[in-house]
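Read the structure below first, then the notes.
Being a predicted model, the structure only gives us computed values, none of them experimental.
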Number of protein chains: 2
Amino acid sequence: MGDQIVAVKAKRGQRSKESIREDNELIILAAAEKVFAKHGLKGSTTKQIADVAKLPKSNIHYYFHTKLNLYRRVLESIFVEWMKAAEPFNTYDEPKEAIRFYVGAKMDLSRTRPFGSKVWANEIISGAPEMEEILSSRLKKWVDTCVSSINTWVELKKINSMGDAHTFLYMIWATTQHYADFDYQLIILNNGKKLTDSEFEEKKQQVIGLVLRSVGIEP
Amino acid sequence: MGDQIVAVKAKRGQRSKESIREDNELIILAAAEKVFAKHGLKGSTTKQIADVAKLPKSNIHYYFHTKLNLYRRVLESIFVEWMKAAEPFNTYDEPKEAIRFYVGAKMDLSRTRPFGSKVWANEIISGAPEMEEILSSRLKKWVDTCVSSINTWVELKKINSMGDAHTFLYMIWATTQHYADFDYQLIILNNGKKLTDSEFEEKKQQVIGLVLRSVGIEP
DNA sequence: GTCTATACGTTGATAGAC
DNA sequence: GTCTATCAACGTATAGAC
């Protein structure tokens, strides 16, 4: 993250004002995601964000006006990425492929963007006051589509019935996001060692296997 | 929660000082669990806790000295309850029963004590700075026992192998705790309606079914 | 044991020099 | 567009009257 900030800053020669704004907004958004992930909306301070972004505190307010506004922008950006990862579920007809790629994409996101997942988790835990709209309209819509796909597979006897399709979907969310949200716990229980990329790939395949078997598909 | 506080207060006639302390500590701990769940350690204020407990702010400091100390007491109390729920895993020999009762107990805890689960989640998300000791010694020890039970079942061909037993255990934690930590999201996606007790019981059985099938046990 | 008053640091946000 | 200086509000914690 720090390297990212330095890299963006170094590239600046004589740049247009729009470009400076764009760069700084990205730097601040990345810093904010990290800080909000650790302390939540209320627990984070604009000074912390400014320090991580290596900018004076007043610049945060200059670009985003209020802390709440910056927070909303972070949430929005996470949601967009999340929905991108969710596409496999609608592009594959066979449950085995759809589930495999969706769970895989979610696991990859937990690995590459853990802070985003944590900001999301924090927001939900504290009652989702800033996300009700996103959840009740945009996410709800996607969930409905997804649930009907799962129900179709059940009707076609391609997978076992689990009663309510939501239960299955929530298990996928919970299990994959656990690798982002609870990463510190996983590290401590792994004797203080972070998983290497290849170890993580292994866990990913194991998770895919468990999820597939849970609905009766042999991986 | 509010009723609980009123009930404890009303019972006081002429009580010993020890008993007053005990009651107030319980009231404050319950209030703190609720507030810490919503805002995390940094985001919570002693005033909020005092207001929920219906006591003056200074009493919080009188009984627990510092906010951090109170927070640690809340975490400790959650951990104890958590370990109690974990007993089934060691008291049943057959995986089908052990898993069924453990997952059931975890689901029940998510239903009856969601705030505790959220405080725990918040603490892990923010890097577990106050819990490293609990995690790396006491929780680690329990996990090791649990993992070796699972491995024994695999060796006895009572359940399918999933590669690393931790992956299976983490899936159980994630899925069950999701019903506490993400309860607001679940409500919104359920059209704003909280699950009734009997609906929750249904979900619980579905989760148990998915978990059992994921290791090849027909529920 | 209870609670008001207050010390003293930190916070979000802005004004205004550069 | 950048950044120092500043402020009012709020934070934790304590002192001391009851």
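Taking the side chain to side chain donor-acceptor pair (under 3.5 Å) definition, one finds that B:Glu132 meets it with nothing, sequence neighbours left out. Remark: A:Lys204 pairs with A:Asp108, A:Glu201 by the salt bridge (Lys or Arg N to Asp or Glu O under 4.0 Å) rule, at least two apart or across chains. Remark: A:Glu81 pairs with A:Arg113 by the salt bridge (Lys or Arg N to Asp or Glu O under 4.0 Å) rule, at least two apart or across chains.
By the 6.0 Å and 45° rule, A:Arg72 does not stack over the aromatic ring of A:Phe64.
Proximity of the aromatic rings of B:Trp82 and B:Phe79 is defined here by a centroid distance below 6.0 angstrom, and this criterion is not met.
What separates NZ of B:Lys54 from P of C:dT2 is a distance of 17 Å, to the nearest Å. Computed from coordinates, the B:Ile60 CD1 to C:dG1 C1' distance equals 14 Å when rounded to whole Å. Rounding to whole angstrom units, CG of residue A:Asp23 and C1' of D:dG1 are separated by 13 Å.
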How would you summarise protein contacts on nucleotides 3-18 of chain C per nucleotide, using B for base, S for sugar-phosphate only and - for none, with heavy-atom distances below 4.0 Å? BB------SBBB----
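Side-chain contact between A:Phe168 and A:Val211: present, with at least one pair of heavy atoms (C-beta onward) separated by less than 4.5 Å. Between A:Phe89 and A:Trp142 the shortest side-chain heavy-atom distance falls below 4.5 Å.
Among the protein residues, B:Tyr63 comes within range of the sugar-phosphate backbone only, with heavy atoms under 4.0 Å from sugar or phosphate atoms but none that close to a base.
Note that the two end axes of the helix from C:dG1-D:dC18 to C:dC18-D:dG1 enclose an angle of 0°, each drawn from 5 base pairs, rounded to 10 degrees.
Sorted by first and then second residue, the ring-ring contact (aromatic ring centres under 6.0 Å, His included) pairs involving residues 17-38 of chain B (not counting sequence neighbours) are B:Phe36-B:Tyr71.
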